[in-house]
Every structure is written in structure tokens, then in C-alpha cells.
Amino acid sequence: EHHTGVGKVNLFRKVQYSLLLRRREAGKIRAIGVCNFYPDRLTDLCLNARIAPMVNQVELHPFFAQTRAVENMKSLHVQPEAWGPMAEGKHDIFTHPILTELGRKYGKTAAQVALRWNAQRGVVIIPKSTHKERMEENFNIWDFALSDEDMAAIAKLDLGRSEIIDHSAAETAQFLN
């Protein structure tokens with residue numbers, strides 16, 4: 001660890017988290033959430049922190065399902081929350097043939113099907129939109145449920161990797177700092 005600098009990064013994160021814990025214990029904040037913690041880091045944090053985070057916000061959409069990560073979060077009692085639940089418009093998510101076909105079946109849009117899929121997996125979804133009609137549409141996902149067969153069909157769209165951001169790339173770390 002000394003040569004790679006990983007120890008320094010982990011120490012920095014631990015100090016940041018301990019500051020959040022102190023603020024929570026002082027009643028300044030009600031809950032702590034983290035973002036982009038992969039299963040190994042989230043597990044380490046949950047096993048070693050006095051108070052585990054309540055939420056882990058990660059990229060979750062039909063093309064990057066992160067099923068094992070979601071299961072890990074649930075086993076640690078950390079709520080999965082999707083950032084980019086619409087894949088930032090990639091993969092023609094709004095017109096994707098499978099999502100569109102399922103939308104027709106349920107009388108919904110492809111976007112509503114994608115949101116419902118994540119919601120049925122127990123994922124909190126906060127889709128981004130500046131258009132009032134889309135915001136209203138995004139709320140209208142609670143009057144139907146996808147069948148197990150349809151959930152499985154959507155799960156097959158998973159590429160197993162992000163095409164939005166590579167968190168292991170040095171350029172990403174530079175961009176985020």
C-alpha cells in the first residue's frame with residue numbers, strides 16, 4: 001500500500017467519513033450517503049464504521065445493472081440509489097426495441113419501463129429532467145408491475161460495464177478532483 005498510495009487515499013476517505021459521523025452524532029445531519037462505492041469498498045466501510053452509510057448512489061440502468069453490487073448493498077442494509085437511471089440517453093434507451101415493446105404491452109413509454117425495472121429491483125431512482133411533462137411521466141410508474149419474464153428480458157440488456165464513466169481511470173480521478 002505504501003508504494004501505491006492506496007493507503008493515503010483510504011486514510012483520506014476515512015478522515016472524511018469520520019467528519020460526517022461527527023456531524024451526524026452532533027445532530028447536524030440525519031443520514032450519511034456515499035457515491036460510487038464498489039462492493040469491496042462499501043463492505044470495508046460498513047464493517048469498520050461506527051455507523052454505515054444509508055445510501056450508495058451508483059450508476060444503475062438496464063445497460064449497467066450491477067446486480068451483484070445491488071445485492072451487496074442490500075445485504076449491508078445500504079439503500080441502492082441510481083444516478084443516471086436513463087443511461088444518460090445512451091443505447092437509444094428512449095426508443096430501444098425491447099423497452100419500447102414492453103412499454104406498448106403495459107401502455108407506458110420505454111423510459112417508464114426502464115425506471116420501473118430499477119424500482120422493482122429495490123433501487124431508488126431520481127431521474128433528471130427539466131421538462132414538466134417528462135417529470136410527470138416519470139412519476140407514473142407505480143400503476144403497473146413488470147412480470148418476472150419482462151424483468152429478465154431487461155436484465156439481458158446489461159453490458160456488465162459502464163459506458164458513461166470509468167472510475168478506475170486516472171483521468172476520471174483528475175476530473176473529479
Side-chain angles (χ1 to χ4, degrees), residues 1-91 93 111 114-130 134-135 138-139 141-142 151 154-155 157-177:
E1 277 192 358
H2 173 46
H3 297 292
T4 63
V6 171
K8 289 180 185 176
V9 171
N10 287 339
L11 177 61
F12 180 68
R13 285 188 179 155
K14 286 177 185 175
V15 169
Q16 286 178 317
Y17 199 79
S18 69
L19 293 173
L20 289 171
L21 285 174
R22 278 192 236 144
R23 292 192 58 82
R24 185 180 181 279
E25 290 163 353
K28 302 287 184 186
I29 57 176
R30 287 191 277 179
I32 299 172
V34 295
C35 186
N36 298 319
F37 270 59
Y38 286 102
D40 61 329
R41 295 297 85 219
L42 183 65
T43 301
D44 184 46
L45 178 62
C46 290
L47 293 176
N48 292 292
R50 288 188 316 274
I51 300 169
M54 298 296 295
V55 173
N56 185 19
Q57 189 181 60
V58 296
E59 178 184 353
L60 294 170
H61 50 75
F63 307 102
F64 192 37
Q66 297 201 67
T67 302
R68 285 184 31 217
V70 169
E71 290 168 0
N72 184 62
M73 286 180 237
K74 289 178 181 180
S75 75
L76 295 168
H77 307 287
V78 175
Q79 175 62 55
E81 181 180 320
W83 67 254
M86 298 297 195
E88 295 189 350
K90 296 182 185 307
H91 305 284
I93 191 165
L115 291 174
R116 182 65 197 189
W117 172 80
N118 247 334
Q120 271 185 233
R121 296 188 322 139
V123 173
V124 169
I125 46 174
I126 303 177
K128 176 184 164 190
S129 181
T130 58
R134 286 197 194 121
M135 288 181 205
N138 292 341
F139 280 116
I141 64 164
W142 305 109
M151 290 290 288
I154 296 169
L157 299 176
D158 185 18
L159 300 171
R161 68 184 182 287
S162 173
E163 293 196 341
I164 295 174
I165 191 167
D166 179 0
H167 287 283
S168 65
E171 297 80 16
T172 301
Q174 291 170 345
F175 172 75
L176 295 173
N177 279 292

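Quick note: residue numbers are just sequence positions, from 1. In this text the structure is predicted, and so the values were computed from the model without any measurement.
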How long is the span from the NZ atom in K128 to the CD atom in E88, to the nearest 0.5 Å? 7.5 Å
Test item: V124 and V55 side chains (from C-beta on) under 4.5 Å apart, heavy atoms: no
List for me each residue that meets side chain to side chain donor-acceptor pair (under 3.5 Å) alongside Q79, sequence neighbours excluded, and say none if there are none. none
Salt bridge (charged side-chain N to carboxylate O under 4.0 Å, His left out) against R50, all qualifying residues, sequence neighbours excluded: E25
Among residues at least two apart in sequence or on other chains, which ones pass side chain to side chain donor-acceptor pair (under 3.5 Å) with N56? none
Any side-chain heavy-atom pair from R121 and M151 closer than 4.5 angstrom? yes
Nearest heavy-atom neighbours spanning A119 and W142: CB-CH2, 3.7 Å
Closest non-hydrogen atoms of I154 and P62, given as atom of the first, atom of the second and distance, are CG2-CB, 3.7 Å
Applying side chain to side chain contact (heavy atoms under 4.5 Å, CB included), name anything that partners A31, two or more places apart in sequence or on another chain. M54
Output all residues satisfying side chain to side chain donor-acceptor pair (under 3.5 Å) with R161, sequence neighbours left out; order by chain, then residue number. E163
Taking only residues at least two apart or on different chains, which pairs with a member in residues 65-78 satisfy side-chain hydrogen bond (donor to acceptor under 3.5 Å, both in side chains)? T43-N72
Quick one: does P85's side chain get under 4.5 Å of L115's, heavy atoms only? yes
Do V78 and V34 have side-chain heavy atoms sitting under 4.5 Å apart? no
Contacts of type ring pair (Phe, Tyr, Trp, His ring centres under 6.0 Å), residue F63, not counting sequence neighbours: H91, H96
Can you list everything that forms a side chain to side chain donor-acceptor pair (under 3.5 Å) with N48? Sequence neighbours excluded, please. D44
What's the separation between atom CZ in F37 and atom CG in L45, rounded to the nearest 0.5 Å? 5.5 Å
Between CD on residue Q16 and CD1 on residue I32, distance to nearest 0.5 Å: 12.0 Å
Between R134 and S129, what is the shortest heavy-atom contact and its length? CB-OG, 3.4 Å
Please round to the nearest 0.5 Å and tell me the distance separating atom CG of L157 and atom NE2 of H61. 11.0 Å
Min side-chain heavy-atom separation L42-P53 under 4.5 Å: yes
Mind checking what makes side chain to side chain contact (heavy atoms under 4.5 Å, CB included) contact with Q57, not counting sequence neighbours? C35, E81, W83
Between atom CD1 of I125 and atom CG of L60, what is the distance when rounded to the nearest 0.5 Å? 11.0 Å
I51 side, atom CD1; R24 side, atom CZ - distance, nearest 0.5 Å: 4.0 Å
